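Note sheet for the following structure.
Note that this is a predicted model, so its numbers are computed, not measured. Letters A, B, ... are given to chains in the order of the sequence lines, protein chains preceding strands, and every chain is numbered from 1.
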Number of protein chains: 2
Amino acid sequence: MSKRQKNLSVSAEALRKAEALCEINGLKLTKLRKQVLKLIWRKPGYVKAYDLLDELKKIDPSAKPPTIYRTLDFLIENGLIHKLQSLNAFIGCHHPHEHNECYFLICDSCQKIEECCSKKINNVVASTSKNNNFIPNKVTFEIAGTCQNCLN
Amino acid sequence: MSKRQKNLSVSAEALRKAEALCEINGLKLTKLRKQVLKLIWRKPGYVKAYDLLDELKKIDPSAKPPTIYRTLDFLIENGLIHKLQSLNAFIGCHHPHEHNECYFLICDSCQKIEECCSKKINNVVASTSKNNNFIPNKVTFEIAGTCQNCLN
DNA sequence: ACAAATATGTTATAATATAACATTAATATT
DNA sequence: AATATTAATGTTATATTATAACATATTTGT
Ligand SMILES: [Zn+2]
Ligand SMILES: [Zn+2]
Ligand SMILES: [Zn+2]
Ligand SMILES: [Zn+2]
């Protein structure tokens, strides 16, 4: 299977998962939202909002910043994508059905992201919160560095 | 000791630590840098770059965005302050001499920050990096929520 | 058919950050 | 001390990221 074919199937799979999840939760995955999600999955790494806007404009020339940001908000709120806070960038979620505290390995060289889940993180968040009488709401955990491929 | 007095002493202590650290490392804590650091420590919570710029302008009306961002860069690079990526905000470092992987409890209500260090985080970063053949470089770990004081 | 809620369109602007180049100040070299 | 080199600051302009506010269209519930 070629690299392009693989990307296509990853994207198709993500779209199917998104549709299923919206179906279950009574959310509307409109044409616009589906288009944007598809654009997000089209590249292997992360994407920037205005790059996405440029792509969307090719399909719908009337698209403007609020178009993209509103759509991103919907996708984030419903766990279909994530925002990488340290990069102001966005990435499709690899397992939208089962979300604990996730974190990201971000390659500075190739822009690829590894999305990870670990109970250890949940434990650290829980214990540090307890120690500080803190009620956690949103966790941001991002590790930037160099990936396996880029080491050579 | 009043709240204001306490803040003053926290700020003075931070300034002394910063001076000591720059002395040790041969860094120049210029007048501008010291002024900005003082402004950062003046409020108990986090600060935004342009708010800082407004404050600085009261002292030096010729200050402009690059003035503040360059100074913030210096202070970040040398571990005297941190940037909170999820807020685009800045905060003085509470222990600039001994920096492992630190993380932050951010209160959404009162903007106060708790800076924490934990070996558990180092361990999670180390083990997940090893598992993924990833060389970590910069860690962002921020927990937003509600602090003890704001719970009532 | 109508009202209400949701989604999208549109204009304008706010908030965050950096590039590029000029000048000044500090440090090192002769 | 004069000169070269580097580091810091000043200055103008612009890039990047994001939202407010209001208008219109579409969907959903009654
Ligand atoms: Zn995810
Ligand atoms: Zn890579
Ligand atoms: Zn610190
Ligand atoms: Zn609080």
Are A/I40 and A/L72 close enough, and set up right, to give a side-chain contact (heavy atoms from CB on, under 4.5 Å), and what steps lead you there? CA-CA 10 Å; A/I40 290 171; A/L72 290 171; 3.9 Å; yes
Assigning hydrophobic clusters by single linkage (Ile, Leu, Val, Met, Phe, Trp, Tyr; side-chain heavy-atom cutoff under 4.5 Å), is A/L80 placed with A/V47? yes
Let me know the distance between CG of A/L75 and P of C/dT8, rounded to the nearest Å. 10 Å
Cluster question for you: counting only ILVMFWY and a side-chain heavy-atom cut-off of under 4.5 Å, with indirect links fine, are B/V139 and A/V124 together? yes
Set of salt bridge (Lys or Arg N to Asp or Glu O under 4.0 Å) partners for B/K34, sequence neighbours left out: B/E19
Taking 4.0 Å as the cut-off, does a side-chain nitrogen or oxygen of A/N88 come that near to OP1 or OP2 on C/dT16? no
Kindly give the cluster partners of B/I135, where membership spreads through any ILVMFWY side chain lying under 4.5 Å from a current member. A/L151
Taking all atoms of both residues into account, what is the closest heavy-atom pair of B/L56 and B/A63, and its distance? CD2-CB, 3.8 Å
With a 4.0 Å heavy-atom cut-off, tell me which residues in residues 23-46 of chain A come close to DNA chain C, sorted by residue number. A/K28, A/T30, A/L32, A/R33
Cut-off 3.5 Å, side chains only: do B/Y103 and B/T140 have a donor facing an acceptor? no
Run the side-chain contact (heavy atoms from CB on, under 4.5 Å) check on A/T71 and A/F74 step by step: do they pass? CA-CA 5 Å; A/T71 305; A/F74 170 88; 5.6 Å; no
Map B/D60 and B/P65 onto DNA chain D by nearest heavy atom, then report which one ends up closer to the 5' terminus. B/D60
Kindly indicate, with the supporting measurements, whether the criterion side-chain contact (heavy atoms from CB on, under 4.5 Å) is fulfilled by B/K43 and B/Q111. CA-CA 10 Å; B/K43 299 260 171 61; B/Q111 283 73 57; over 6 Å; no
In this structure, which one of A/R42, A/K48, A/K38 forms a salt bridge (charged side-chain N to carboxylate O under 4.0 Å, His left out) with A/E55? A/R42
The answer to which of B/D73 and A/R70 contacts DNA chain C further toward the 5' end, by nearest nucleotide, is A/R70
Compare every heavy atom of B/P136 with every heavy atom of B/S129, then report the nearest pair and how far apart it is. OG-CG, 3.5 Å
Output the rounded distance in Å from OH (B/Y50) to C1' (C/dA14). 11 Å
At how many degrees, to 10°, do the end axes of the helix from C/dA1-D/dT30 to C/dT30-D/dA1 meet when each uses five pairs? 30°
So, do B/F90 and B/H82 have ring centers that fall under 6.0 Å from each other? no
May I ask you to say whether B/K138 pairs ionically with A/E142, meaning some side-chain N is under 4.0 Å from a carboxylate O? no
Students should find that the nucleotides of DNA chain D closing off the region near chain B, any atom under 4.0 angstrom from a heavy atom, are D/dA7 to D/dT12
In residues 77-87 of chain A, what residues come within less than 4.0 Å of DNA chain C, judged by heavy atoms? none
Between C1' on C/dT8 and CG on A/L72, what's the gap in Å once rounded to a whole number? 15 Å
